[in-house]
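To start, the structure under review is shown below, and the notes come after it.
First listed ligand is number 1; within each ligand, the first listed atom is number 1.
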Amino acid sequence: MGITRIAILLSGSGRTMANISEQIEEGRLNAEIAAVVSSRTACKGNERAEKLGLTPEIIRPKDFADVEQFSGKIADLLNEKQIDLVVQAGWLCYWKIPERFENRVMNIHPALLPSFGGKGMWGHHVHEAVLKRGCKVSGCTVHFCSNEYDAGPIILQRTCPAFAEDTPESLAKRVFEQERIAYPEAIRLFCEDRLTVINGIVHIKAASQQND
Ligand SMILES: Nc1nc2c(c(=O)[nH]1)N[C@@H](CN(C=O)c1ccc(C(=O)N[C@@H](CCC(=O)O)C(=O)O)cc1)CN2
Ligand SMILES: NCC(=O)N[C@@H]1O[C@H](COP(=O)([O-])[O-])[C@@H](O)[C@H]1O
């Protein structure tokens, strides 16, 4: 496989994008960030993108009549930029994923799906819910996106402890350490063509089986 052309979708502070960009710069991912889409006119993620020499395309749901038109605008950009993989990096908007991008859109969720996912479950809301339930373990999930929030095929998960004494902030910090490892690993598997989805289950080829 050649260099994978990635589109980053973001709505927040852009740490996830920065982590992926670092991995590319260090030669650990055979990929390039070919487009950045932001759902906010002003956010730290936009500033981070500019610093990396990338110009974010602002695409906001409220500028479109409905979710179809909003999603269509994103799809047009992905086609125009010849994107191979879409990486949702703290992207907080629902969009309809075009058929061509089935199993080509990844998301990272800051909990162990299928628990603590769905509408309203993002950022600190997730960690608050995990602590309220008294979970002793949390972590992150990288999954392919379907057209149902947080319900697509799971690629990989990493765990960390959760403590009764945690605040949402202290837990978020521990989970994010795992996100920093998990997301590049999932993207690497995609770039190496080692992910296959059969009946909604992701199968990971061993490195030695790559050309089977
Ligand atoms: N087609 C898909 N779109 C999106 C998916 C997906 O799986 N399929 N995942 C979400 C990401 N997500 C968590 O991983 C998530 C993000 C945001 C929300 C949410 O409730 N958002 C609020 C708006 C928040 C804001 O703009 O400040 C809302 O919709 O009311 C839930 C889950 C991204 N898209
Ligand atoms: N449901 C999606 C969600 O909650 N995503 C979470 O938002 C943070 C993004 O940080 P960033 O904006 O600094 O990259 C990450 O913790 C990510 O898991």
### Task
Enumerate the atoms of ligand 2 whose separation from the nearest heavy atom of His109 is less than 4.0 angstrom.
1 (N)
### Message
If we ignore hydrogens and angles and just use 3.5 Å, is the side chain of Arg28 paired with the main-chain N or O of Gln23 as donor and acceptor?
### Response
no
### Query
Which of the atoms of ligand 1 are close to His109, meaning less than 4.0 Å from one of its heavy atoms?
13 (C), 14 (O)
### Query
Counting each atom of ligand 1 from 1 as listed, which ones have a heavy atom of Asn107 under 4.0 Å away?
9 (N), 11 (C), 13 (C), 14 (O)
### Protein residue, atom and distance nearest to atom 8 (C) of ligand 2, heavy-atom basis
Arg15 NH2, 4.0 Å
### Query
Is there a nitrogen or oxygen of His143 sitting under 3.5 Å from a nitrogen or oxygen of ligand 1?
no
### Query
If you take all heavy atoms of Ala35 and Lys81, which pair is closest and at what distance?
CB-CG, 4.1 Å
#### Entry: salt_bridge(Asp76, Lys73) N-O dist < 4.0 Å
no
### Asp150 bridged to Lys119 by N-O distance under 4.0 Å
no
### Summary
Looking only at protein heavy atoms, what sits closest to atom 20 (O) of ligand 1 is Gly120 N, 2.5 Å
### Task
Looking only at distances, please establish whether an N/O atom of ligand 1 is found under 3.5 Å from an N/O atom of Cys145.
no
### Message
Under 4.0 Å, counting heavy atoms only: does Glu148 come that close to any atom of ligand 1?
### Response
yes
### Query
Just by modelled atom types, is the Ser138 backbone N or O under 3.5 Å from a matching donor or acceptor in the Thr159 side chain?
no
### Query
Could an N or O of ligand 2 be found under 3.5 Å from any N or O of Trp91, whether backbone or side chain?
no
### Query
Which residue and non-hydrogen atom of the protein lie closest to atom 30 (O) of ligand 1, and at what distance in Å?
Lys119 NZ, 2.8 Å
### Taking atom 12 (N) of ligand 1 as the reference point, the nearest protein heavy atom with its distance
Asp150 OD1, 3.8 Å
### Query
Under 3.5 Å between some N or O of ligand 1 and some N or O of Gly118?
no
### Message
Among all the protein's non-hydrogen atoms, which is closest to atom 16 (O) of ligand 2, and how far away is it?
### Response
Glu179 OE2, 2.9 Å
### Query
Who's the nearest protein heavy-atom neighbour of atom 8 (N) of ligand 1, and how far?
Ser146 O, 2.9 Å
### Message
How close do Pro184 and Glu179 get, counting heavy atoms only, and between which atoms?
### Response
CD-O, 3.9 Å
### Query
Heavy atoms only: which of Phe144, Trp91, Phe116, Trp122 is nearest to atom 18 (C) of ligand 1?
Trp122
### Query
Is the shortest heavy-atom distance from the side chain of Arg60 to the side chain of Arg40 under 4.5 Å?
no
### Proximity winner for atom 2 (C) of ligand 2, if only heavy atoms of Asn19, Thr16, Ile108 are counted
Ile108
### Task
Any chance you could lay out the side chain to side chain contact (heavy atoms under 4.5 Å, CB included) test for Phe116 and Cys135, step after step, and finish with the verdict?
CA-CA 11 Å; Phe116 306 108; Cys135 294; 3.7 Å; yes
### Message
Could you tell me, atom by atom, which parts of ligand 1 come under 4.0 Å of a heavy atom of Asn147?
### Response
1 (N)
### Summary
closest protein heavy atom to atom 13 (O) of ligand 2 is Ser13 OG, 2.4 Å
### Task
Determine whether any heavy atom of Gly123 lies closer than 4.0 Å to an atom of ligand 2.
yes
### Summary
Closest heavy-atom approach to atom 7 (O) of ligand 2 among Gly120, Gly117, Gly90, Gly14 is made by Gly90
### Message
Are any of the N/O atoms on Asn107, whether in the backbone or the side chain, positioned under 3.5 angstrom from an N/O atom of ligand 2?
### Response
no
#### Entry: Side chain, backbone, both or neither: the part of Cys93 lying under 4.0 Å from ligand 1 by heavy atom
backbone
#### Entry: Residue, atom name and distance, where the atom is the protein heavy atom closest to atom 17 (C) of ligand 1
Leu92 O, 3.4 Å
### Task
Using the side chain to side chain contact (heavy atoms under 4.5 Å, CB included) rule, take Leu171 and Val130 through it: C-alpha gap first, then chi angles, then the decisive distance, then the call.
CA-CA 9 Å; Leu171 180 58; Val130 166; 3.9 Å; yes
### Query
What protein heavy atom sits nearest atom 3 (C) of ligand 2, and how far away is it?
Pro110 CD, 3.6 Å
Side-chain donor-acceptor distances from residues 96-103 under 3.5 Å, at least two apart:
from	atom 1	to	atom 2	distance (Å)
Lys96	NZ	Glu68	OE2	2.6
Arg100	NE	Asn79	OD1	3.0
Arg100	NH2	Asn79	OD1	3.2

### Query
Using a heavy-atom cut-off of under 4.0 Å, does the side chain or the backbone of Met121 touch ligand 2, or both, or neither?
backbone
### Query
Atom CD in Gln88, atom CD1 in Ile8: separation rounded to 0.5 Å?
10.5 Å
### Query
Hey, does Ser39 have a side-chain heavy atom less than 4.5 Å from the side chain of Trp91?
yes
### Query
Below 4.5 Å, heavy atoms only, C-beta onward: do Val175 and Cys160 meet side chain to side chain?
yes
### Task
Spell out, as yes or no, whether a donor-acceptor pair under 3.5 Å connects the side chain of Arg180 to the backbone of Asn19.
no
### Task
For a side-chain contact (heavy atoms from CB on, under 4.5 Å) with Phe144, tell me which candidate from Ile154, Asn107, Leu195 qualifies.
Leu195
### Summary
For Trp122, the ligand 2 atoms with a heavy-atom partner under 4.0 Å come out as 1 (N), 4 (O)
### Message
Distance under 4.0 Å to a non-hydrogen atom of Arg40: what atoms of ligand 1 satisfy this?
### Response
25 (C), 26 (O), 27 (O)
### Message
With side-chain contact (heavy atoms from CB on, under 4.5 Å) as the test, pick out the partner of Ile24 among Ile187, Leu52, Leu29, Thr4.
### Response
Leu29
#### Entry: Sub-4.5 Å side-chain heavy-atom contact between Val37 and Pro56
no
### Task
Find all atoms of ligand 1 within a distance of less than 4.0 Å from any non-hydrogen atom belonging to Tyr94, and give their numbers and elements.
1 (N), 2 (C), 3 (N), 34 (N)
### Query
How far is atom 1 (N) of ligand 1 from its nearest protein heavy atom, and which residue and atom name does that atom have?
Trp95 O, 2.8 Å
### Message
Looking at Lys44 and Glu47, is there a salt bridge between them, counting it only when a charged N and a carboxylate O are closer than 4.0 Å?
### Response
no
### Summary
So for Ile97 against ligand 1, with non-hydrogen atoms under 4.0 Å, the contacting part is side chain
### Query
Is His125 in contact with ligand 2, taking contact as a heavy-atom separation below 4.0 Å?
no
